[in-house]
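Have a look at the structure below, then the notes.
Note that ligands are numbered from 1 as they come in the structure, with each ligand's atoms numbered from 1 the same way.
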Amino acid sequence: MNNKYINKDFPFFLHGGDYNPEQWINTPEIWDEDMRLMKKAHCNAASIGIFSWATLEPEEGKYDFSFLDEIMDKLEKNGCAAILATPSASRPIWLAKKYPEVLRTDANRQQNLYGTRHNHCLTSPVYRRKTAEINERLAMRYGNHPALFMWHISNELNGECHCELCQNAFRAWLKKKYNNDLDYLNYSWWNAFWSHTYTSWDQIESPSPRGEFLSNGLKLNWARFVTDQTADFLRNEIAAVRKYSGKPTTTNFMAGPFQGLDYNKLKNEIDVISWDSYPWWHSPEGNTSIAQKAAFHHDLYRSLKMKPFMLMESTPSVINYMRHNKLKRPGMHKLSSLQAVAHGSDTVQYFQWRKSRGQYEKLHGAVVDHSGRDDTRVFRDVCEVGKTLEKIHPILGSKTESRVAIYYDWENSWGLSFVQQNELSDKKYLDTLLAHHRYFWNNGINIDIIGPGEEYRFSDYTLIIAPMLYMLADGLDQRLSEYVSNGGTLVSTYMTGWTNSDDLCFLGGFPGGSLKELFGIWAEEIDELYSSDENHIRMNGSDGLSGTYTAVDMCEIVHPVTAEALAEYTDDFYTGSPALFKNPFGNGCAYYIASRTKDDFFNEFYGKLSKELNIKSVIDAKLPDGVTAHSRYDENSTYVFIENYNSYPVSLFSNWNFTDMETDKSVSGKIQLPPYGIRILKKTSF
Ligand code: GLA
Ligand code: ZN
């Protein structure tokens with residue numbers, strides 16, 4: 001059997017949702033009805049046990065697995081895969097009452113009462129023991145159950161705790177990091193500033209609105225510690241499961257990209273990446289923009305392990321916490337579900353299978369509504385997705401190939417958000433990445449999102465785009481220089497190479513490290529524009545670029561050293577100062593864009609670079625606005641997904657020959673897509 005699958009014993013696209021049968025324990029006929037409906041909806045998977053702890057262990061040490069036994073067996077009989085969660089995201093009240101240390105302490109040093117979810121200390125030995133105990137029992141009981149597909153560890157890990165246990169763990173973490181050398185820490189954090197020099201380790205406290213919240217070194221290392229402590233918590237949970245079960249593990253990541261944890265580190269603890277996607281379709285922002293943002297997230301999460309990921313949650317209809325909870329327009333459910341598959345997901349899963357009768361999420365979209373009916377629009381939409389996933393079965397486990405990568409680093413994002421400058425809290429880092437990503441999305445070009453780890457092989461890419469590389473990860477400047485020197489093309493922007501990984505500014509001019517040589521420039525100053533202001537950059541005609549483009553937000557004043565200037569500013573006192581640079585370096589080339597630009601500039605700039613580097617769309621067709629295309633491939637075939645995010649039909653023209661995977665019909669020439677439509681085509685010749 002091929003091991004390209006998440007679980008080789010279940011070689012199907014998973015389709016299903018978060019399932020909370022414990023809420024219906026007194027009406028087991030609903031469980032049977034669920035099984036009937038799952039089959040009818042072409043659902044073959046259920047995530048269970050996520051919030052079941054109080055049912056599984058109603059009193060300390062008194063376990064009752066009867067409901068889960070029954071559900072696991074029912075799932076098996078129904079041909080459904082179980083994604084069994086460990087219940088740590090939400091603990092029983094008795095546990096919190098008996099062991100108050102498990103409750104989280106906030107940054108004001110106030111301990112929370114019992115309530116909501118994720119309200120637990122990441123360090124508490126009691127909580128770790130209690131989670132390990134229940135996990136072990138779950139693994140012992142179900143680790144080899146035929147329905148078990150994988151382990152879903154906790155749920156949407158997030159948050160931090162500032163209790164004394166966590167403070168001590170933080171200090172120990174710092175001691176290790178700084179070789180037990182407090183002077184080294186003081187230097188690295190530049191603590192002579194404001195007389196903040198520590199003279200003993202126990203003076204160090206986590207950031208707090210009541211105390212230190214302006215020390216970048218402290219904030220940065222606290223954020224790193226929270227990730228490491230969460231990873232440690234996760235490891236503790238997984239170790240308990242591993243005693244009895246070798247099934248793959250995941251934990252569900254969040255959109256944002258979520259800033260509270262560095263997923264580039266956390267990913268190492270789990271076997272498969274999964275994430276929860278809740279785009280606000282049909283919001284005033286417009287579906288094209290929403291779709292591209294979702295695409296960026298799919299690209300990011302796929303690239304974390306460079307293999308198929310899981311869409312662990314999405315809504316089959318509405319989300320209950322938006323300003324307006326808009327229904328998905330006809331077509332949008334299928335389009336948005338299969339968008340994930342186009343980007344490399346091997347599952348389409350929902351929150352939630354059945355609406356709960358009461359409580360906070362009772363009105364959140366579900367496959368089965370309170371009506372309990374199977375003749376609803378949502379139910380039919382879900383059926384259709386299920387049928388399509390069955391038809392496109394050969395795509396399962398196939399890969400994505402990209403020659404272009406955008407560099408994204410959580411730590412850089414944190415560093416940028418700490419800069420005491422600019423009205424924008426995070427300096428629009430994500431918006432900037434999205435602006436660069438957009439050109440490739442609009443043009444149907446596959447793109448990966450890579451990060452600082454050695455596991456990302458820069459040499460796999462023809463083009464790497466690393467905007468606003470403000471805080472340099474250790475050794476990154478050398479790796480980028482090597483990449484370019486070996487023939488790669490690199491694009492970066494203003495606000496690059498300002499600080500090292502301790503957030504200490506480079507001396508001797510920006511960009512620091514070896515980036516000055518790589519880009520062949522030095523940056524002197526940066527001008528911040530009011531949102532009502534604009535500057536412009538005019539191409540000077542060299543390098544085949546032409547036109548004048550709007551510059552907004554940030555204009556850096558940069559001097560060429562070895563680089564060639566390709567454009568200059570047209571306004572203000574720095575009129576005539578160069579604004580775009582090209583520096584041939586070894587066998588490759590590095591470009592530096594000195595100001596924030598808009599789509600028209602990227603169309604010109606990346607249009608030219610794509611031509612030069614022979615970077616092509618996944619289909620030989622001109623894509624109308626609001627339409628994109630992506631591809632997956634395996635040893636034998638290439639699969640092309642064409643997505644129309646417009647509320648009107650579109651058509652495009654291709655000279656290639658395809659088979660439509662849903663209808664098995666040949667396709668060539670004119671390809672039509674309905675409003676919010678998607679076509680999934682297998683390439684037969686070109
Ligand atoms: C998250 C959680 C789910 C549910 C959904 C609602 O993704 O993991 O339990 O609360 O949000 O959108
Ligand atoms: Zn704590």
Side-chain angles (χ1 to χ4, degrees), residues 16-20 22-23 46-53 83 85-91 96 99-112 116-128 130-131 152-173 205-208 222 225-226 228-230 232-233 236 250-256 258 260 274-281 297 301 310-322 325 328 336 349-356 359-367:
D18 278 20
Y19 179 39
N20 303 303
E22 66 277 5
Q23 292 177 15
S47 303
I48 50 172
I50 306 173
F51 303 111
S52 307
W53 198 342
I83 299 165
T86 63
S88 65
S90 203
R91 80 209 56 79
Y99 304 104
E101 77 163 51
V102 306
L103 290 170
R104 204 164 268 189
T105 296
D106 69 16
N108 284 309
R109 311 299 190 255
Q110 188 172 31
Q111 196 183 28
N112 293 343
T116 74
R117 302 184 274 187
H118 276 289
N119 183 3
H120 62 260
C121 171
L122 294 171
T123 308
S124 158
V126 172
Y127 200 53
R128 287 182 178 217
K130 288 285 156 202
T131 50
H152 175 319
I153 310 293
S154 202
N155 190 61
E156 294 194 335
L157 292 163
N158 69 85
E160 53 196 50
C161 175
H162 298 257
C163 77
E164 260 321 298
L165 292 166
C166 288
Q167 301 292 348
N168 284 329
F170 180 43
R171 290 171 196 134
W173 183 92
E205 286 268 349
S206 61
S208 167
W222 171 252
F225 163 77
V226 170
D228 281 2
Q229 201 67 351
T230 305
D232 200 48
F233 184 83
N236 183 68
T250 191
T251 190
N252 42 351
F253 290 169
M254 289 180 277
F258 179 63
S274 65
W275 82 283
D276 300 343
S277 175
Y278 291 99
W280 193 10
W281 300 113
H297 282 81
Y301 292 139
M310 301 173 73
L311 175 64
M312 183 59 86
E313 291 181 25
S314 60
T315 181
S317 62
V318 293
I319 311 166
N320 67 334
Y321 44 78
M322 295 305 186
N325 301 310
K328 283 190 190 172
S336 57
Q349 294 161 266
Y350 309 118
F351 181 86
Q352 48 193 338
W353 165 255
R354 179 185 282 278
K355 278 186 183 173
S356 53
Q359 296 277 21
Y360 183 68
E361 291 181 326
K362 66 181 184 294
L363 299 180
H364 192 291
V367 181

inquiry  = Minimum heavy-atom separation for Glu101 and Ser124, please, with both atom names.
reply    = OE2-OG, 2.6 Å

inquiry  = Looking at every heavy atom in both Trp280 and Met322, which two are closest together, and how far apart are they?
reply    = NE1-CB, 3.5 Å

key: Salt bridge flag under 4.0 Å for residues Arg171 and Glu164   = yes

request  = Identify the protein heavy atom lying closest to atom 12 (O) of ligand 1, giving its residue, its atom name and the separation to 0.1 Å.
outcome  = His364 NE2, 2.8 Å

request  = Identify the two heavy atoms, one from Phe233 and one from Cys121, that lie closest to each other, and give their separation to 0.1 Å.
outcome  = CE1-O, 4.4 Å

Which segment of Thr315 sits under 4.0 Å of ligand 1 when only heavy atoms are counted = neither

ask   = Is Phe51 touching ligand 1 with its side chain, its backbone, both, or neither, if touching means heavy atoms under 4.0 Å apart?
value = side chain

task = Looking only at protein heavy atoms, identify the closest one to atom 7 (O) of ligand 1 and say how far it is in Å.
result = Glu313 OE1, 2.4 Å

task = Can you measure from CG (Leu311) to NE2 (His297) and round to the nearest 0.5 angstrom?
result = 12.5 Å

ask   = When you check the side-chain N and O atoms of Tyr278 and Glu313, is any donor under 3.5 Å from an acceptor?
value = yes

query = Hey, which atoms in ligand 1 end up nearer than 4.0 Å to a heavy atom of Asn155?
reply = 2 (C), 8 (O), 9 (O)

ask   = What residue and heavy atom of the protein are closest to atom 4 (C) of ligand 1, and at what distance?
value = Glu361 OE2, 3.1 Å

request  = Record the part of Met254 in heavy-atom contact with ligand 1 below 4.0 Å; permitted values are side chain, backbone, both and neither.
outcome  = neither

query = Are any of the side-chain nitrogens in Arg117 or Glu156 under 4.0 Å away from the carboxylate oxygens of its partner?
reply = no

ask   = Do any heavy atoms of Arg117 fall under 4.0 Å from ligand 1?
value = yes

task = Assess His162: does it contribute an N, O or S atom lying under 2.8 Å from the Zn ion (ligand 2)?
result = no

inquiry  = Heavy atoms only, cut-off 4.0 Å: how does Gln352 contact ligand 1, side chain, backbone, both, or neither?
reply    = neither

